[in-house]
Structure formats: structure tokens, C-alpha cells
Amino acid sequence: MSAANPTGPLRHFLQLRDFSEEEILYVIDRARLIKDKFKRYLPHHTLHDRNLAMVFEKASTRTRVSFEAGMYQLGGSVIYLTTEGSQLGRAEPIEDTARVVSRMVDLVMIRTFEQTRIERFAAHSRVPVINGLTNEYHPCQILADILTFVEHRGPIRGRTVAWIGDANNMSYTWLQAAELLGFTLHVSAPAGYRLDPLRVGDQPASILREFDDPLEACKGADLVTTDVWTSMGYESENEARRLAFADWCVDARMMAAANPDALFMHCLPAHRGEEVTGEVIDGPQSVVWDEAENRLHAQKALMEFLLLGRL
Ligand code: CP
Ligand code: NVA
């Protein structure tokens with residue numbers, strides 16, 4: 001069977017750097033067009049009769065709703081699978097699952113634990129595979145975040161993003177975005193929760209600067225962003241993290257240290273009073289609801305691109 005995209009080779013979206021800068025900017029642009037049509041109730045059925053399988057090995061609200069609604073809006077349909085509700089929960093190998101599912105659908109989205117698990121699936125898939133979050137990366141969220149930044153402030157190239165918090169799937173994907181799209185990422189996390197130098201490699205200060213003090217990291221930022229102190233799969237570390245991250249709560253003082261027109265983003269779900277105060281997330285600089293909505297538009301553009309190429 002040939003690749004699902006008739007105009008090119010089989011492509012996956014397992015991490016942000018699977019795409020070039022030009023491809024990411026194309027998807028963002030296309031998302032803006034699709035969003036505009038959606039707002040005007042104009043039909044956009046480019047994936048008519050196409051079928052997306054979604055495999056969830058972790059919980060989700062936004063990812064499920066945005067992929068499911070998005071695929072229907074494009075004229076296609078979806079199949080929702082979980083670990084417990086499928087043979088994955090009874091130890092069917094991920095490779096066999098990939099071989100079978102990808103003979104029956106046009107596209108697969110997976111949310112799982114290790115990145116190697118989605119890579120193993122993709123290696124045995126006949127159709128494009130999308131990372132809907134792994135322990136290591138969350139590239140769909142960053143597509144939506146870039147779209148949100150561009151809508152509110154224009155191009156992100158040359159800007160500064162402050163990441164206040166854990167070295168997790170979001171921060172490592174922000175780092176890939178900084179490298180690909182040419183902006184500076186400031187990172188501040190407590191000792192023991194900082195970026196792994198082996199994963200980061202050598203980065204110039206124009207791409208990555210790390211700070212002990214979160215307030216310092218916010219200085220000069222055009223966007224301040226954070227995430228829960230404990231990501232899914234790490235719940236046994238909850239108590240230790242609560243103590244370690246106590247001073248890494250994005251508050252009005254940190255937002256005041258950033259540039260006057262700085263935005264605040266959070267991939268959600270959020271814990272008010274932990275990683276961010278209610279005053280900030282519900283305040284005038286916060287664009288978290290646009291950010292959540294943009295998951296829908298960005299992923300519709302992503303699915304189209306993987307299946308149809310450039311239109
Ligand atoms: N931000 C995000 O991926 O949300 P869900 O976990 O609800 O899908
Ligand atoms: N870092 C969080 C993101 C949730 C959308 C997690 O992995 O749980």
C-alpha cells in the first residue's frame with residue numbers, strides 16, 4: 001500500500017523537528033485560514049471519508065476533543081481507543097497494533113509514555129502517526145502555542161519566551177521550537193528538575209539561557225509560560241515536587257518583570273495556586289483559552305498536511 005499522502009513520502013509528526021521551519025510556518029498559516037472559515041461557518045471538508053484512529057494511554061480533555069471535533073469538521077471520522085479498552089492493555093505488542101490499525105485507517109494519533117513507544121508504532125505503521133503527547137514531547141501543543149503567539153503578536157522569530165518550571169515534554173518541545181524558529185528560550189527550574197544537558201546539547205545564548213531565579217528568567221520575555229509541577233506518569237513524585245517548586249509559581253511579580261505586553265500561556269490543565277496564580281491565568285495578559293481553542297485549528301492543518309501535502 002502506498003503512503004497516505006499521494007504527493008509525497010510517508011511523514012510522521014513524532015516531535016516538532018520532524019518538520020522544517022518552513023513546514024511549521026506553512027501549517028500555522030493554513031491553520032489561520034481553516035480557523036477563519038470555521039468562524040464563518042464555511043464547510044472545509046478536505047479529509048472527506050478519511051479515518052483517524054486515536055490511541056490514548058493517558059488521560060486527555062483538549063487533545064481528544066480537538067482531534068475528534070477537528071476530524072469530523074474536515075469531513076472525516078474517528079475511532080477512539082484506550083489502553084484498557086483495547087488489546088494494548090493485555091500486552092499485545094505495540095508493533096502488532098501498529099501493523100493492524102494502520103491497515104484500516106488513514107491516520108493515527110497516539111498519546112503514550114516513552115517516546116520510543118510511539119517511534120516503534122510509527123516504524124510499523126503504513127499511515128502517518130501524530131504525537132498527541134509523550135513523556136518527552138508535546139509537539140501539537142507547541143503548534144497551537146506558536147499559532148496563538150503569531151495571532152496576538154506577529155512572528156515569533158527574534159522574540160523571547162520564558163519557561164518557568166519543570167524540564168518536561170513541554171519545555172523540551174519549546175526548545176526545539178526555539179532552535180527551528182529562531183527565538184530565545186529562558187528556562188528556570190529548581191535544582192534536580194532542570195533540563196538534561198545531554199538532551200539539550202550545545203546551545204548558543206541566542207537560543208537557550210538558564211536561570212536559577214524565575215524572576216530573572218522573566219526579564220525581557222514576550223511570553224511567559226508554565227505547566228503543572230507533576231506531569232502524567234510522575235504522580236509518585238508529587239510531594240517532593242510540591243516542595244521543590246514552591247517558588248516557581250508564575251505570579252503578578254513575575255509578569256511585571258517581563259516585557260509590558262508579554263503574554264501568559266499554559267497548555268492546561270492548570271492548578272491555580274501551584275504553578276500559576278489565579279490572578280495571572282485569569283488576568284488580562286493570559287491567552288490560555290485562545291491557546292486551547294487553537295489546538296483544534298492547528299491540528300486540522302496538521303492532519304491535512306500529513307494526508308494531502310500542501311494545498
Ligand atoms: N494540553 C493538553 O494536551 O490537554 P489534555 O491533556 O486535556 O489533552
Ligand atoms: N506536562 C503535562 C502536559 C499535560 C497536557 C503532562 O505531561 O502531564
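One-based numbering, in listed order, for ligands and for the atoms of each. Everything quoted here is computed from the prediction, not taken from an experiment.
Counting heavy atoms closer than 4.0 Å to ligand 2, residue Asp166 contributes nothing at all.
Shown in contact with Arg111 at under 4.0 Å from a heavy atom are these atoms of ligand 1, numbered in order with element: 2 (C), 3 (O), 5 (P), 6 (O), 8 (O). With ligand atoms numbered from 1 in the order given, ligand 1 contributes 5 (P), 7 (O), 8 (O) to contacts under 4.0 Å with heavy atoms of Thr61. Atoms of ligand 2 found under 4.0 Å from any heavy atom of Asn168 (numbered from 1 in listed order, with element): 1 (N).
For Tyr137 and Tyr172, the ring centers sit 6.0 Å or farther from each other. Under the 6.0 Å cut-off for aromatic ring centres, Phe19 and Phe305 qualify, their centroids lying closer than that. Between His297 and Phe38, the distance from one ring center to the other falls under 6.0 angstrom.
Only one option out of His44, Arg310, Gln299, Arg50 pairs with Glu304 in a side-chain hydrogen bond (donor to acceptor under 3.5 Å, both in side chains); it is His44. The one candidate from Glu68, Lys58, Arg295 that meets the side-chain hydrogen bond (donor to acceptor under 3.5 Å, both in side chains) condition with Thr63 is Arg295.
In terms of polar-atom proximity, Cys267 is counted as a contact of ligand 1, with an N or O under 3.5 Å from an N or O of the ligand. Of the N or O atoms in Leu268, one or more lie within a sub-3.5 Å distance of an N or O in ligand 1. Considering backbone and side-chain N/O of Asn169, one or more are found under 3.5 Å from N/O of ligand 2. Ligand 1 has an N or O atom lying under 3.5 Å from an N or O atom of Gln141, backbone or side chain. Below 3.5 Å of separation, one finds an N or O of Met232 facing an N or O of ligand 2. Looking at ligand 2, you'll find an N or O of Asp227 within less than 3.5 Å of one of its N or O atoms. Note: an N/O pair closer than 3.5 Å links Ser231 and ligand 2 by distance alone.
Nearest to atom 4 (O) of ligand 1 among the protein's heavy atoms is Arg62 NE, 2.8 Å. Atom 4 (C) of ligand 2 has as its closest protein heavy atom Leu133 CD1, 3.8 Å. For atom 2 (C) of ligand 1, the nearest protein heavy atom (residue, atom name, distance) is Arg295 NH1, 3.3 Å.
Salt bridge Arg194/Asp212: present, at least one basic N to carboxylate O contact under 4.0 Å. Salt bridge Arg153/Asp261: present, at least one basic N to carboxylate O contact under 4.0 Å. A salt bridge links Arg40 with Asp36; the closest basic N to acidic carboxylate O contact falls under 4.0 Å. A salt bridge links Arg99 with Asp96: the distance from a Lys NZ or Arg NE/NH1/NH2 to an Asp or Glu carboxylate oxygen falls below 4.0 Å. Between Arg117 and Glu136, no side-chain nitrogen of the basic residue sits less than 4.0 Å from a carboxylate oxygen of the acidic one, so the salt-bridge criterion is not met.
Residue-ligand proximity: Leu268 is placed with a non-hydrogen atom under 4.0 Å from ligand 2. Taking 4.0 Å as the cut-off, His138 counts as a neighbour of ligand 1 on heavy-atom distance. In this structure, Lys58 does not count as a contact residue of ligand 1, since none of its heavy atoms falls inside 4.0 Å of the ligand.
At distances below 3.5 Å, at least one donor-acceptor pair connects side-chain atoms of Ser188 with backbone N or O atoms of Phe211.
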